[in-house]
K.L.:
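Dropping a structure here in structure tokens format, bear with me for questions.
Atoms within a ligand are numbered from 1 in the order they appear, just like the ligands themselves.
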Amino acid sequence: QKIIVVGAGILGASTAYQLSKRGAEVIIVDRKHKGQATDAAAGIICPWLSQRRNKAWYKLAKEGARFYPSLIAELEQSGETNTGYARVGALSIHKDSEKLLALEKRALTRREDAPELGDVTVLSPDETNALFPPLDAEYAAVHVTGAARVDGRALRDALLRTAQKNGAVLLYEEATLLHNGTRITGVRAGAETITADAVIVCAGAWASEILQPLGVQFKVTFQKGQIVHLEYSDLHTGNWPVVIPPNDQYLLAFDEQKMVIGATHENDVAGFDTRVTSGGLQEVFTKALDIAPRLADSTFVEARVGFRPFTPGFLPVFGPLPGWEGIFVANGLGASGLTMGPFIGDQMAKLALGLELDIQLEHYAVSGAIAAE
Ligand code: FAD
């Protein structure tokens, strides 16, 4: 089978890797848009504490987190040393002990069918501070040992490299779709015309542009996120857990004194505005320093900007494109794409190869993101 994957964010890279592993002939075409969500994202893999009640969404997030350890082991076996993933645990912090008990209860309930979330313990402020020293000393926490952090850029590159080792070809071009009647026959990528048995569109926030010439109005919106990288003078940051504060921000530590704080959630931006703004930085710094005052002495390294793609109802869609043959679409991973992307990519590969899926596709039908004519 010859399959083209359009987009090399976490979703396209995962799909391409899984296809190549199963012996398909794979061509990946990526336009490298500024603002690729995966390139900016440094993320948390900890879906179990989420208050969101949508079952179809939670299923993807839960399966996504569960999928990671075996994927990482596979990549390491293929020689990848930098996957960006580490199971460092998470601290969900709060000053209100009742809130912490409620969080602990939710985690314990969720553990019943997700044992991979690990041990759940309520920690005192001293115990919390010992695990993440820059934190304000008044925070206590619920500690969840199975949570992980991942650097989107590093994981994407590890997936793409491994896919290429398996024979996949990666082209950095803009893809447009080719069709014969209602059958997609391939893509034009730069000056090249490439035919294939199927095309899988993992185009994130830009997906409506590639589908529009088919007369398909694809309803993807996006949310801008600005995120900040710091250097913090402690040699042991590599083992520190992820910190999930009561507000909408988080703190992550990586190896070699690296820290990431963020991110903004901006819905009212005009177009693909990739600027790092003063207001964005102010929000990120104010919230982070309020939680972890000792970060005031850290070094500013860089700020990144990405566009989180959302489909209607904040629920991902994936599957065949209705009314067309030879094309599949996956999109709408929103704020949890690092968590879900590798799992959904595996499902997309199975779908394109005619293998049995591990999930009920009808909950995520692509028709849910297509505007009626
Ligand atoms: P993208 O990564 O945006 O990739 C789409 C790709 O398609 C781009 O490279 C683009 O150039 C390409 N493309 C589009 N059209 C074409 C075309 N016509 N031809 C060729 N190529 C094309 N998730 C978590 O789980 N946990 C987190 O903590 C977390 N934190 C985040 C923080 C920030 C600041 C941001 C921005 C996101 C965060 N996310 C997190 C969400 C996650 O990053 C996204 O959901 C995910 O990366 C989306 O992946 P994607 O592959 O669908 O899209």
K.L.:
Checking contacts here: is it the side chain or the backbone of Val6 that comes within 4.0 Å of ligand 1, counting heavy atoms only? Could be both or neither.
P.N.:
side chain
K.L.:
Polar contacts were defined as any N/O atom of the residue lying under 3.5 Å from an N/O atom of the ligand; does this apply to Ile45 and ligand 1?
P.N.:
no
K.L.:
Quick test: of every protein heavy atom, which one is nearest to atom 15 (N) of ligand 1, and how far off is it to 0.1 Å?
P.N.:
Ala203 CB, 3.5 Å
K.L.:
At the 4.0 Å heavy-atom cut-off, does Gly341 count as touching ligand 1?
P.N.:
no
K.L.:
Could you tell me the residue and atom name of the protein heavy atom closest to atom 34 (C) of ligand 1, and the distance to it rounded to 0.1 Å?
P.N.:
Ala263 CB, 3.8 Å
K.L.:
Between ligand 1 and Gly334, can you find any atom pair, the residue atom being a heavy atom, that is separated by under 4.0 Å?
P.N.:
yes
K.L.:
Should the pair Tyr68 and Tyr85 be assigned to parallel (<30°), tilted (30 to 60°) or perpendicular (>60°) ring geometry?
P.N.:
parallel
K.L.:
Check each of Pro309, Gly204, Gly306 against atom 36 (C) of ligand 1 and report the one with the nearest heavy atom.
P.N.:
Gly306
K.L.:
Evaluating non-hydrogen atoms only, which member of Leu11, Val242, Ile10 is closest to atom 52 (O) of ligand 1?
P.N.:
Leu11
K.L.:
Can you find an N or O of Trp206 that's nearer than 3.5 Å to an N or O of ligand 1?
P.N.:
no
K.L.:
Could you check atom 2 (O) of ligand 1 against the protein and tell me its nearest heavy-atom contact, residue, atom and distance included?
P.N.:
Thr38 OG1, 2.5 Å
K.L.:
Once you measure the plane-to-plane angle for Trp324 and His179, does it fall in the parallel (<30°), tilted (30-60°) or perpendicular (>60°) bin?
P.N.:
perpendicular
K.L.:
Can you list the atoms of ligand 1 that are under 4.0 Å from a heavy atom of Leu333?
P.N.:
45 (O)
K.L.:
Which residue holds the protein heavy atom closest to atom 26 (N) of ligand 1, what is that atom called, and what is the gap in Å?
P.N.:
Ile44 O, 3.3 Å
K.L.:
Could you pull out, from Lys34, Glu174, His33, the option with a heavy atom nearest to atom 16 (C) of ligand 1?
P.N.:
His33
K.L.:
More than 12 heavy atoms of other residues, nucleotides or ligands under 6.0 Å from CZ of Arg153: is that the case?
P.N.:
yes
K.L.:
Can you sort out which atoms of ligand 1 are near Gly9, meaning under 4.0 Å from one of its heavy atoms?
P.N.:
2 (O), 4 (O), 51 (O)
K.L.:
Going by the atom numbers of ligand 1, which of them fall below 4.0 Å from some non-hydrogen atom of Gly7?
P.N.:
6 (C), 7 (O), 12 (C)
K.L.:
Which is it for Val260 and Arg149 under the side-chain contact (heavy atoms from CB on, under 4.5 Å) test, yes or no, and what are the steps along the way?
P.N.:
CA-CA 11 Å; Val260 174; Arg149 45 95 169 147; over 6 Å; no
K.L.:
Identify which one of Leu177, Ile184, Ile370 satisfies the side-chain contact (heavy atoms from CB on, under 4.5 Å) criterion when paired with Leu321.
P.N.:
Ile370
K.L.:
May I ask you to check whether Arg156 and Thr38 show a side-chain donor-acceptor distance below 3.5 Å?
P.N.:
no
K.L.:
In the structure I gave you, are the side-chain heavy atoms of Lys165 and Glu80 within less than 4.5 Å of one another anywhere?
P.N.:
yes
K.L.:
Need the ligand 1 atom indices (1-based, order shown) with element for anything under 4.0 Å from a heavy-atom of Lys32.
P.N.:
11 (O)
K.L.:
Does Glu127 CD have over 12 foreign heavy atoms under 6.0 Å away?
P.N.:
yes
K.L.:
Looking at atom 30 (N) of ligand 1, what's its closest protein heavy atom, distance included?
P.N.:
Tyr250 OH, 2.9 Å
K.L.:
Quick check on Gly262 - does any of its heavy atoms sit under 4.0 Å from an atom of ligand 1?
P.N.:
no
K.L.:
Where does Ala37 meet ligand 1, judged by heavy-atom distances below 4.0 Å: at the side chain, the backbone, both, or neither?
P.N.:
both
K.L.:
Who's closest to atom 43 (O) of ligand 1 heavy-atom-wise, of Ala41, Ser208, Gly152, Ser14?
P.N.:
Ala41
K.L.:
Has Ser336 got any heavy atom lying under 4.0 angstrom from an atom of ligand 1?
P.N.:
yes
K.L.:
How far is atom 18 (N) of ligand 1 from its nearest protein heavy atom, and which residue and atom name does that atom have?
P.N.:
Ala175 O, 3.0 Å
K.L.:
Kindly say whether Leu123 contributes a backbone atom to a donor-acceptor pair with the side chain of Thr121 at under 3.5 angstrom?
P.N.:
no
K.L.:
Report yes if some heavy atom in the side chain of Leu49 is under 4.5 Å from a heavy atom in the side chain of Leu103; otherwise report no.
P.N.:
yes
K.L.:
Take atom CZ of Arg275 as the centre, draw a 6.0 Å sphere, and report whether it contains more than 12 heavy atoms from other residues, nucleotides or ligands.
P.N.:
no
K.L.:
Considering only non-hydrogen protein atoms, determine which one is nearest to atom 21 (N) of ligand 1 and report residue, atom name and distance to 0.1 Å.
P.N.:
Arg31 N, 2.9 Å
K.L.:
With the side chain counted from C-beta on, respond yes when Ile359 and Tyr364 share a heavy-atom pair under 4.5 Å apart, and no when they do not.
P.N.:
yes
K.L.:
Side chain, backbone, both or neither: which part of Gln226 comes within less than 4.0 Å of ligand 1 when only heavy atoms are counted?
P.N.:
neither
K.L.:
Specify side chain, backbone, both or neither for Cys202, according to which of its non-hydrogen atoms lie closer than 4.0 Å to ligand 1.
P.N.:
backbone
K.L.:
Heavy atoms only: which of Leu252, Val305, Asp30, Val260 is nearest to atom 8 (C) of ligand 1?
P.N.:
Asp30
K.L.:
Check whether the side chains of Glu266 and Gln226 place a donor and an acceptor atom closer than 3.5 Å, and report yes or no.
P.N.:
yes
K.L.:
So if I apply the side-chain contact (heavy atoms from CB on, under 4.5 Å) rule between Leu170 and each of Val29, Val5, Leu160, which one comes out positive?
P.N.:
Leu160
K.L.:
Considering the heavy atoms of Thr339, write down every atom of ligand 1 situated less than 4.0 Å from one of them.
P.N.:
24 (C), 25 (O)
K.L.:
Can you tell which part of Glu173 has a heavy atom less than 4.0 Å from ligand 1: side chain, backbone, both or neither?
P.N.:
backbone
K.L.:
Could you name the option among Gly345, Ala335, Gly43, Pro316 that has the heavy atom nearest to atom 23 (N) of ligand 1?
P.N.:
Ala335
K.L.:
Over 60° means perpendicular and under 30° means parallel, so tell me whether Trp206 and Phe272 are parallel, tilted or perpendicular.
P.N.:
parallel
K.L.:
Between ligand 1 and Gln223, can you find any atom pair, the residue atom being a heavy atom, that is separated by under 4.0 Å?
P.N.:
no
K.L.:
Looking at Arg304 and Asp39, is there a salt bridge between them, counting it only when a charged N and a carboxylate O are closer than 4.0 Å?
P.N.:
no
K.L.:
Any sub-3.5 Å donor-acceptor pair from Asp119's side-chain atoms to Thr145's backbone N or O?
P.N.:
no
K.L.:
Among all protein heavy atoms in this structure, tell me which lies nearest to atom 33 (C) of ligand 1, with the distance rounded to 0.1 Å.
P.N.:
Arg308 NH2, 3.9 Å
K.L.:
Is it true that atom NZ of Lys2 has more than 12 heavy atoms of other residues, nucleotides or ligands lying nearer than 6.0 Å?
P.N.:
yes
K.L.:
With a cut-off of 4.0 Å, which atoms of ligand 1 are near a heavy atom of Val29?
P.N.:
20 (C), 21 (N)
